[in-house]
Peer 1: 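Sharing a structure, written as structure tokens. Questions coming.
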Protein chains: 2
Amino acid sequence: MPRPRKFDETEALQKMVMVFWRNGFDATTTRMLEEATGIGVRGIANAFGDKEEIFLKVLAVYTEMARGVINQVFDPPRLEAAQMMFQGLAQATDDPEDVTNCGCLMVNTVFELGRASPKVREAVEDYRAMWREAFHAASVADGVSDPDSRAEFLLGLLWGALSQVRLMGSTTAAAPMAKVAVETIESWKS
Amino acid sequence: MPRPRKFDETEALQKMVMVFWRNGFDATTTRMLEEATGIGVRGIANAFGDKEEIFLKVLAVYTEMARGVINQVFDPPRLEAAQMMFQGLAQATDDPEDVTNCGCLMVNTVFELGRASPKVREAVEDYRAMWREAFHAASVADGVSDPDSRAEFLLGLLWGALSQVRLMGSTTAAAPMAKVAVETIESWKS
DNA sequence: CCTATTTTACATCATTTGTTGCAAAATACG
DNA sequence: CGTATTTTGCAACAAATGATGTAAAATAGG
């Protein structure tokens, strides 16, 4: 009985992920979301709620994207997988418009919103927990001592490297940090 | 002949440094600057210019503050000084209102403004160059090989650690990264 | 075909916020 | 004491922008 939607929800969400990823929360205007999705403001608000609700849905999509990568690379969970993550992170992208040169949406979000929104903070914490667990499982699988601390350290190093990417606007900026990360992990083995 | 100012310029600037440091550029409103300095908007604009000009002056003050610390700690320039920097960075502050728990104004600024303002970006680059040179001089003084890369790496690690501070809102968040930084530098010696 | 229900498009509203105009106030010099 | 010049405070302005009201449009079921 109702009039059907003219757009695909998940497709629209993915487009909005890119907009927020590239511009952050504040700098993303409703007009930009209109242009990116082809949907009017009213339609967006009708389907996804207000700006914060949209952003939370965007963060959820982003988290699932990352979860997919993690599940793929950390199968089986190994420290080598962590090394691959760091190496891949610092790999140069040919396309200057590549969104990965914007760093990580979660890292950037924390800097922008800080502790302003509890729900956003919660989403970021969940995201961090996901990575922490991946690193922890890898540490356990390779039998290193004190996997808790190792995981925490790797998480910090990852976020630091992503900060560098955002700062310089290029994934190559993380190369020095990635290099030492790989060497450090290597020294943990055996 | 002119009417004299009711406030001290450098004192007002230092107070504004704290406001921007704690809240960032966008979240800092003219009203907050009024409240912090006790000067009206008109007086601030009259003395320092518009918001971007104010911010640039604030960045300059911040840079000089850091330069003072660097000159003190890196005298003489030694890798041990770099180690002390990292250790001090991760030291817990008793006061939860301590502004150092907000991370580094320069790091936070890059995340917020990105490449929006060329002048701001230039100020950040100058700030980074200052630290890079300190690390470089220390590397040269201790005779390590490839001081250029070492300096770049230490700079990246420092910014990564400061990202962690901002993220978690506490200097203790940088402890794991500071620990590995100290160990890594230690391994360079001899 | 008619109707109920949702979507859509357009416009408008309300709020925030950086900026500026204007007149009064204050001081140093002649 | 008078005046020139700057500062100050109040207010209003202008722009950006997220949100919303309203009516037309579209579709599925009766």
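Numbered from 1 within each chain, the chains take letters A, B, ... in sequence-line order. Both backbone and side-chain heavy atoms feed into the values below; hydrogens, waters and symmetry mates do not.
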Peer 1: How many Å lie between CD1 on B:Ile44 and P on D:dC10, as a whole number?
Peer 2: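 It works out to 14 Å between those atoms.
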Peer 1: Strictly below 4.0 Å: does B:Arg42 bring a side-chain N or O up to OP1 or OP2 of D:dG9?
Peer 2: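 No, B:Arg42 has no side-chain N/O under 4.0 Å of OP1/OP2 on D:dG9.
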Peer 1: Rounded to the Å, how far apart are A:Ile54 CD1 and D:dT17 C1'?
Peer 2: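 Going from A:Ile54 (CD1) to D:dT17 (C1'), I get 13 Å.
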Peer 1: Choosing from D:dT27, C:dT19, D:dG18, which nucleotide comes nearest the side chain of A:Pro4?
Peer 2: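 The listed nucleotide nearest to A:Pro4's side chain is D:dT27.
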Peer 1: In this structure, how many angstroms lie between the C1' atom of C:dT6 and the CD1 atom of A:Ile39, rounded?
Peer 2: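 Answer to the nearest Å: 15 Å.
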Peer 1: If I take atom CZ in residue A:Phe20 and atom P in nucleotide D:dG18, what distance separates them, rounded to the nearest angstrom?
Peer 2: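 A:Phe20 atom CZ is separated from D:dG18 atom P by 9 Å.
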Peer 1: Are A:Ser117 and A:Glu52 linked by a side-chain donor-acceptor pair shorter than 3.5 Å?
Peer 2: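 Note: A:Ser117 and A:Glu52 side chains meet the donor-acceptor criterion.
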Peer 1: Nearest-Å distance, CD (A:Glu34) to C1' (C:dC10)?
Peer 2: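 To the nearest whole Å, that distance equals 11 Å.
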Peer 1: Judged by each residue's nearest nucleotide on DNA chain C, which is more toward the 5′ side, B:Lys51 or A:Gly38?
Peer 2: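 Checking each residue's closest nucleotide, the 5'-ward one belongs to A:Gly38.
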Peer 1: Taking atom types as they are modelled, is there a donor-acceptor pair under 3.5 Å from the base of D:dT7 to the side chain of B:Arg3?
Peer 2: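 Check passes, donor-acceptor contact within cut-off.
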Peer 1: Quick one: which of D:dA12, C:dT8, D:dT17 gets closest to the side chain of B:Arg31?
Peer 2: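 Of the options given, the side chain of B:Arg31 lies nearest D:dA12.
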Peer 1: Check whether any side-chain nitrogen or oxygen of A:Thr30 sits under 4.0 Å from OP1 or OP2 of D:dG18, and answer yes or no.
Peer 2: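 For D:dG18, OP1 or OP2 has a side-chain N or O of A:Thr30 closer than 4.0 Å.
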Peer 1: Expressed in angstrom and rounded to an integer, what is the separation of B:Arg5 atom CZ from C:dT27 atom P?
Peer 2: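 From B:Arg5 CZ to C:dT27 P: 15 Å.
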Peer 1: For the residue pair B:Thr93 and B:Asn101, confirm or rule out a side-chain donor-acceptor distance under 3.5 Å.
Peer 2: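 Yes, B:Asn101 and B:Thr93 have a side-chain donor paired with an acceptor closer than 3.5 Å.
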Peer 1: Round to a whole Å and report the spacing from CZ of A:Phe48 to P of C:dT8.
Peer 2: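 Going from A:Phe48 (CZ) to C:dT8 (P), I get 10 Å.
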Peer 1: Should we count CD of A:Glu9 as having more than 12 external heavy atoms under 6.0 Å?
Peer 2: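 Counting neighbours around CD of A:Glu9, more than 12 heavy atoms of other residues, nucleotides or ligands fall under 6.0 Å, so yes.
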Peer 1: Looking at the side chain of B:Phe7, which of D:dG18, D:dT8, D:dT20 is the nearest nucleotide?
Peer 2: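 For the B:Phe7 side chain, the nearest candidate turns out to be D:dT8.
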Peer 1: Quick test of your reading of the model: are A:Arg67 and A:Glu64 salt-bridged, counting only N-O distances below 4.0 Å?
Peer 2: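 Here A:Arg67 pairs with A:Glu64 in a salt bridge, since their nearest N and O are under 4.0 Å apart.
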Peer 1: It should be established whether B:Lys6 places a side-chain nitrogen or oxygen under 4.0 Å from OP1 or OP2 of nucleotide D:dG9.
Peer 2: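 B:Lys6 to D:dG9 OP1/OP2: side-chain N or O found under 4.0 Å.
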Peer 1: For the residue pair B:Asp26 and B:Thr28, confirm or rule out a side-chain donor-acceptor distance under 3.5 Å.
Peer 2: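 No, B:Thr28 and B:Asp26 have no side-chain donor paired with an acceptor closer than 3.5 Å.
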Peer 1: Return the value, rounded to whole Å, for the distance between atom CG of A:Asn46 and atom P of D:dG21.
Peer 2: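 For the pair A:Asn46 CG and D:dG21 P, the rounded distance is 13 Å.
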